[in-house]
Participant: 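Quick one: structure below, then a few questions.
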Number of protein chains: 2
Amino acid sequence: MEGQKIRNMEEFAEVSGISRPTVSKYFNDPDSVRKSTRGKIEAALEEYDYRPNIFAINQNRKLTKNIGIVVPNLADPFFAEISRTIERRCLDAGFKPTLYGSHGDPQLETEILDNLRLLKPAGTLIAPLGRLSDKGFIEAFCRDVPTVLFDSNLEGLGEAFVGSDNYSFVSQTVDYLSRTGEAPCFFEMKNPANPNANKRRQAYIDKMHELGHAPKIVQIDGEGWSFEEIGRAGALKAIQDKSLPTSTVLCSNDRLAIGFLSACYEMGLRVGSGDGCALRVASHDDHPYARFTCPSLTTAAHDYDSVSSQSVDTLMSIIESGGRPSTRNEQLFPAKLILRSSA
Amino acid sequence: MEGQKIRNMEEFAEVSGISRPTVSKYFNDPDSVRKSTRGKIEAALEEYDYRPNIFAINQNRKLTKNIGIVVPNLADPFFAEISRTIERRCLDAGFKPTLYGSHGDPQLETEILDNLRLLKPAGTLIAPLGRLSDKGFIEAFCRDVPTVLFDSNLEGLGEAFVGSDNYSFVSQTVDYLSRTGEAPCFFEMKNPANPNANKRRQAYIDKMHELGHAPKIVQIDGEGWSFEEIGRAGALKAIQDKSLPTSTVLCSNDRLAIGFLSACYEMGLRVGSGDGCALRVASHDDHPYARFTCPSLTTAAHDYDSVSSQSVDTLMSIIESGGRPSTRNEQLFPAKLILRSSA
DNA sequence: ACAAAATTTTTACGCGTGTAAATTTTGCGC
DNA sequence: GCGCAAAATTTACACGCGTAAAAATTTTGT
């Protein structure tokens, strides 16, 4: 760690006693040089701390080792959690992931992709905003950069999609609720931005028919990504209007359910499956806070690990194969029912 | 948007009828060229979509327009929220912010800074891990890159610190609780990683003395960043052992309080200030979920806007002045008491 | 020990932009 | 129309590394 400062690879090559092209080769793949050579370089690395200039490297590469990860909302613990896992896996694969949140704003989403393109990324993982996304723009982006979509699917966009099987989620919760009591109504936003919401509604309807029940859907007003607040306001209104068709409620997602439970508490309605409970509430996603709601929330959990590892693996194999795969691959993972106190 | 593809500034200069050095000047500062020249360039930009190669630019600049934002944990909505605001302000100031979360891991924190250095950032905003941070490493980093610390202070590190005034937080909550009922005990982790926790404990002790009460502190076990779980387990234990010294509890932060409330609900203890309530609970931070807990949480709110805008403004002025300021500036913002149902 | 194979060295150019210096052109007031 | 200052152009080099081609060296197999 002493000696004069090393300014570039030229100088580092000199102090390590190896020619610059060979040093360059080493940094691109340490195993591509002879063991004795590698030894000398690594000895020099111990003594002088030199690291190649990342800008000069990337200027000459067609593709960098950068990977972009774009999610709709980093303040949502669900996305924070899954992008953390994805980030980790990219690092382990030797790439440089960068995280971007579009904060529910379609314009910001396109801006992010626009800037991302300049970074010549090897690939991108996108959880798109959904209905509001500028599909045309994303499609154009996908032509330039190998892209895997996750969490929410935009038909035909990207080389692959990895997500959760909404039918499995709803099927399990409806099944459980019906088996242990009254069949649930479905509580959701009127105009959900996320395409998963539409799939969940359809799955609810199908599953209810399958079980011989009439589906009952409660749709509440609200725009944007403040789901808890929207769920809370919708629940307060539904309770006051006595417009809930059943006393078993299946929320489309946990964030709505968090608001729903908050409203129930405020209105003095006891939630749970025991005696003296007015309502049963269940939901989907297994939000990191679902275990701390009052009561703790019965929900269907994403297979975080499988989704994130499969997303990254898929992207890696696309990157390695160099070209685009001929068929767009879609992979869905089933949910795992998590029984807690709310139902 | 038609015409042949533009490969570099040379070609773009040609189609716009301006020399390359002038075009370069334009991209560095559109106002530095004559209006008629700017017009020609912008007309060409309409027709051909060219954007300068970011790697070639940064290679020749001593400093880039990059700004690094490092927080301990992106999955914590508090940090997600404040970094979102900071990110926005950096963008508005014409910089390119990149967000990094160290996930509570000191080694990852140093790795992030290590990689950040290679990006030759114009400046960095760091909310350090705290007690676990590698102070020596961060100090070395600060010698190379203008750095503003926020949220949690490491004495003497960075050019400035911007955060919240912990005394103001605790002072207001203790004051309110004492004024409206029994003086609170203080509920916290035994070995908090975050230095704010220590300041809050001391502020609690001081304020209690000032009001003529004996401070009572409940310290619970637990390591890491799963504060809700730690708070929940600690609360369950304290309730079962009947070791809570008072029936008014002031939690060190909202995430602990979320766990605390969850435990109370599970144990059938009603929380609030009305009749039939067994406990009053208050806390600090105004976590985004504090309004959805059961009951909703009385807490002291950060001045998010002031902290984030002041952090960015401070960094910008340091960057513009080019050098290091002679004195390390510390700026603290007071809390705002938010009264809800829990106390 | 010798030929073949593998690796390294030497040499040289390219990537796309910043920027300095000298020169030419433009804009503008009188 | 003149003269001056401001702006643009021309020319040239720099940044740090990838990489190709040919030559020199080392290693490997027998």
Side-chain angles (χ1 to χ4, degrees), chain A residues 4-45 48-66 96 115 117-122, chain B residues 4-45 48-66 94 96 115 117-122 322:
Chain A
Q4 79 278 20
K5 294 288 190 320
I6 304 295
R7 314 185 64 83
N8 53 37
M9 196 180 278
E10 189 84 44
E11 291 185 16
F12 177 75
E14 203 165 343
V15 299
S16 63
I18 303 291
S19 73
R20 189 178 70 74
T22 303
V23 170
S24 170
K25 206 149 173 277
Y26 166 85
F27 278 109
N28 283 314
D29 178 8
D31 290 327
S32 69
V33 303
R34 196 153 44 205
K35 202 163 56 183
S36 62
T37 309
R38 188 162 63 241
K40 285 190 207 167
I41 293 178
E42 281 164 359
L45 273 178
Y48 309 84
D49 72 328
Y50 161 76
R51 299 178 62 181
N53 179 307
I54 190 72
F55 300 114
I57 293 175
N58 286 341
Q59 181 171 20
N60 295 316
R61 279 195 194 292
K62 276 225 180 102
L63 284 190
T64 68
K65 285 286 190 178
N66 294 331
K96 298 201 165 297
N115 289 322
R117 198 199 315 251
L118 299 182
L119 296 179
K120 296 192 270 189
Chain B
Q4 78 279 21
K5 296 288 191 318
I6 303 295
R7 315 184 64 82
N8 54 36
M9 196 181 277
E10 190 84 44
E11 291 185 15
F12 177 75
E14 202 164 344
V15 299
S16 62
I18 303 290
S19 73
R20 189 179 70 73
T22 303
V23 170
S24 170
K25 206 150 171 279
Y26 166 84
F27 278 109
N28 284 314
D29 178 9
D31 289 327
S32 68
V33 302
R34 194 157 40 207
K35 202 163 56 185
S36 62
T37 309
R38 187 163 64 243
K40 287 190 205 165
I41 293 178
E42 281 164 0
L45 273 178
Y48 309 84
D49 72 328
Y50 160 77
R51 299 178 62 182
N53 179 307
I54 189 72
F55 300 114
I57 293 175
N58 286 340
Q59 180 171 20
N60 293 316
R61 275 197 196 293
K62 273 210 196 123
L63 284 189
T64 68
K65 285 286 191 177
N66 295 330
K96 298 202 164 296
N115 289 322
R117 199 199 313 252
L118 298 182
L119 295 179
K120 296 192 268 188

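Quick note on labels: first sequence line is chain A, next is B, and so on, each numbered from 1. All values below come from the heavy atoms of this structure, side chains included, with hydrogens, waters and symmetry mates left out. Since this is a predicted model, take the numbers as computed values, not measurements.
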Participant: Please check the phosphate of dG18(C) (OP1 and OP2 only) for any side-chain N or O of Tyr26(B) closer than 4.0 Å.
Facilitator: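 Result: no.
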Participant: Once you round it to whole Å, what is the distance between C1' of dC15(C) and CG of Leu63(A)?
Facilitator: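 Between C1' of dC15(C) and CG of Leu63(A): 15 Å.
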Participant: Working to the nearest 0.5 angstrom, can you tell me the gap between Asp49(A) CG and Phe12(A) CZ?
Facilitator: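 Between Asp49(A) CG and Phe12(A) CZ, I get 10.0 Å after rounding to 0.5 Å.
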Participant: Evaluate whether atom CD of Glu14(A) has more than 12 neighbouring non-hydrogen atoms of other residues, nucleotides or ligands under 6.0 angstrom away.
Facilitator: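 For Glu14(A), atom CD is not crowded (no more than 12 foreign heavy atoms under 6.0 Å).
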Participant: Where each residue is assigned the nucleotide of DNA chain D containing its nearest heavy atom, which of Gln59(B) and Pro21(B) is assigned the position nearer the 5′ end?
Facilitator: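 Of the two residues, Pro21(B) wins.
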Participant: Where each residue is assigned the nucleotide of DNA chain D containing its nearest heavy atom, which of Ala56(B) and Asn28(A) is assigned the position nearer the 5′ end?
Facilitator: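 The residue mapped nearer the 5' terminus is Ala56(B).
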Participant: Side chain of Met9(B) only, please: which of dT8(C), dG18(C), dT9(C) is the nearest?
Facilitator: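 Side chain of Met9(B) sits closest to dG18(C).
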Participant: What are the 5'-most and 3'-most nucleotides of DNA chain D lying under 4.0 Å from any heavy atom of chain B?
Facilitator: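 Terminal contacting nucleotides, 5' to 3': dA7(D) to dG16(D).
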Participant: Check every strand shown and say whether Ser36(B) touches a base, only sugar-phosphate, or nothing at a heavy-atom separation below 4.0 Å.
Facilitator: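 The residue Ser36(B) makes no contact with any strand.
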Participant: Once side chain to side chain donor-acceptor pair (under 3.5 Å) is applied, do any residues pair with Arg38(A), and if so which ones, sequence neighbours excluded?
Facilitator: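 For Arg38(A) there are no side chain to side chain donor-acceptor pair (under 3.5 Å) partners, ignoring immediate neighbours.
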Participant: Ignoring hydrogens and geometry beyond distance, is a side-chain donor-acceptor pair present between Asn115(A) and Arg51(B) at under 3.5 Å?
Facilitator: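 Checked: Asn115(A)/Arg51(B) side chains pair up, N/O donor to acceptor below 3.5 Å.
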Participant: List the residues meeting side chain to side chain donor-acceptor pair (under 3.5 Å) with Ser24(B), not counting sequence neighbours, and say none if there are none.
Facilitator: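 So Ser24(B) forms no side chain to side chain donor-acceptor pair (under 3.5 Å) with any residue.
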Participant: We want to know whether Asn28(B) and Arg61(B) form a side-chain donor-acceptor pair, criterion being a heavy-atom distance below 3.5 angstrom.
Facilitator: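 A pair is found: one side chain offers a donor N or O, the other an acceptor, under 3.5 Å apart.
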Participant: Using the ring of each side chain (for Trp, its six-membered ring), is Phe27(A) parallel, tilted or perpendicular to Tyr50(A), with breaks at 30° and 60°?
Facilitator: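 Phe27(A) and Tyr50(A): perpendicular rings.
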Participant: Look at Ser19(A) and dT9(C) and indicate whether a side-chain polar atom (N or O) is within less than 4.0 Å of OP1 or OP2.
Facilitator: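 The answer is yes; a side-chain N or O of Ser19(A) sits under 4.0 Å from OP1 or OP2.
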Participant: dG18(C) base to Arg20(B) side chain: any donor-acceptor pair below 3.5 Å?
Facilitator: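 Such a pair is found, so the answer is yes.
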Participant: Whole angstrom is fine here: how far is it from CD in Glu10(B) over to P in dG14(C)?
Facilitator: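 After rounding, the gap between these two atoms is 14 Å.
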Participant: Starting at the 5' end of DNA chain C and moving along, which residue's nearest nucleotide shows up first, Thr22(A) or Arg34(B)?
Facilitator: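 Per heavy-atom nearest nucleotide, the more 5' residue is Thr22(A).
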Participant: In whole Å, what is the span from the CG atom of Asn53(B) to the C1' atom of dG16(C)?
Facilitator: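 After rounding, the gap between these two atoms is 6 Å.
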